J.: 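My questions all concern the structure below.
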Amino acid sequence: MINAKLAAKSHPQHQSIVKLNSQVAFGGKELVIIGGPCTVENRQQMETVAAHLSTTSVQALRGGAYKPRTSPYAFQGMGETGLEILAAVSKKYHLPVVTEVMAISQIHAIASHADMLQVGSRNMQNFDLLKELGQAGKPILLKRGLAATIEEFVMAAEYIMSHGNLDVVLCERGIRSFDNYTRNVLDLAAVAALKQITHLPVIVDPSHAVGRRELVAPMAKAAVACGADGLIIECHPEPDKSVSDAAQALSLQEMLELVNSLKPIATAVGRSISELAVA
Ligand code: PEP
Ligand code: MN
């Protein structure tokens, strides 16, 4: 029995709606698809991505300005310059932005440039950060820890909620296992379980789950079929040149084809996918 007070579902129909902005919300009939590169690399890259995605059913833009890299020698992100690029393209193409926060010291700057703050897997149990995000004034995308149990994941959401922020969206992004053919193992049973345990919207990140672009589309489809409320998917104008996570990045054309292929699956499970994000 999970000891969550605020995140727990109180009756079978209990479902929270978490607004990303005045037009886009998680947890309703319509699925929310977030797309963009792993890392913000430069203005031109983000312009190209946003210009393309804004003509598709993708409703929000992703891109890291502060990157949690395994090696301290790897590119760590553009920092505030990256946030400024995100804010500028967001405004120009009418796409709300989701970006990662790694430290309490970054919350203010990120909250003033982005629509939603992402807590990455490596920080899912950074309890001081979670508590502070209770006061961030922006919705939080909480990713499951690399080896977190479902209970630990729900209780991490409870930290944010109990400190004042009820706008939390959970993201299943795969967990560590013994097989390194895929980067992680996408735990779709967790998606179904979380939908039963909590009233929070649950989305899936097939990109970090599989780590290989050829497996992203099938897992995205499975995620929609099993009840996910949305997807966050990495794509890049020149995938092989991505500064980080090149192997899992889709091209912009592949992203468009994937989103279109999800529509019949969404319909089959009583959901929908937005028509164009911009009129
Ligand atoms: C990311 O979304 O770029 C990321 C680093 O994800 P995760 O925290 O799931 O590894
Ligand atoms: Mn990535």
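In what follows, every heavy atom counts, from backbone to side chain, and hydrogens, waters and symmetry copies are set aside. Just so it is clear, the model here is predicted, and its values are computed rather than measured. Note that ligands are numbered from 1 as they come in the structure, with each ligand's atoms numbered from 1 the same way.
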J.: Under 3.5 Å, is there a donor-acceptor pair between the side chain of S16 and the main chain of L200?
T.: no

J.: Would a distance-only check, ignoring hydrogens and angles, find a side-chain to backbone donor-acceptor pair under 3.5 Å from S207 to E234?
T.: yes

J.: Just to verify, what does E100 make a side-chain hydrogen bond (donor to acceptor under 3.5 Å, both in side chains) with, not counting sequence neighbours?
T.: none

J.: Quick one, R271 and I265 - any side-chain contact, counting heavy atoms below 4.5 Å?
T.: no

J.: Go through ligand 1 atom by atom and flag the ones less than 4.0 Å from a non-hydrogen atom of E234.
T.: 3 (O)

J.: Could you check if a side-chain atom of I104 sits within less than 4.5 angstrom of a side-chain atom of L129, using non-hydrogen atoms only?
T.: yes

J.: Run the numbers for me: atoms of ligand 1, each under 4.0 Å from some heavy atom of R122, listed by number.
T.: 7 (P), 8 (O), 10 (O)

J.: Numbering the atoms of ligand 1 from 1, which are under 4.0 Å from a heavy atom of G120?
T.: 8 (O)

J.: Which protein N, O or S atoms sit under 2.8 Å from the Mn ion (ligand 2)?
T.: C38 SG, H208 NE2, E234 OE2, D245 OD2

J.: Give a yes/no on ligand 1: does K67 have at least one heavy atom closer than 4.0 angstrom to it?
T.: yes

J.: Where is the nearest protein heavy atom to atom 9 (O) of ligand 1: which residue, which atom, and how far?
T.: R173 NE, 2.7 Å

J.: Please say which of H236, R183, R213, K67 ends up in a side-chain hydrogen bond (donor to acceptor under 3.5 Å, both in side chains) with D245.
T.: R183

J.: For atom 5 (C) of ligand 1, what's the nearest protein heavy atom and its distance?
T.: E100 OE1, 3.8 Å

J.: May I ask you to identify the nearest protein heavy atom to atom 8 (O) of ligand 1, giving residue, atom name and distance to one decimal place in Å?
T.: S121 N, 2.8 Å

J.: Measure the distance from atom 6 (O) of ligand 1 to every protein heavy atom, then report the residue, atom name and distance (to 0.1 Å) of the closest one.
T.: K143 NZ, 2.9 Å

J.: For the backbone of A190 and the side chain of D187, can you confirm whether one donor and one acceptor N or O come within less than 3.5 Å of each other?
T.: yes

J.: I need the I107 CD1 to Q135 CD distance, nearest 0.5 Å.
T.: 10.0 Å

J.: Testing R173, R176, R144, K143 one by one against S121 for a side-chain hydrogen bond (donor to acceptor under 3.5 Å, both in side chains), which residue passes?
T.: R173

J.: Would a hydrophobic clustering, with Ile, Leu, Val, Met, Phe, Trp and Tyr connected at side-chain separations under 4.5 Å, put I33 with V204?
T.: yes

J.: What protein heavy atom sits nearest atom 4 (C) of ligand 1, and how far off is it?
T.: H208 NE2, 3.5 Å

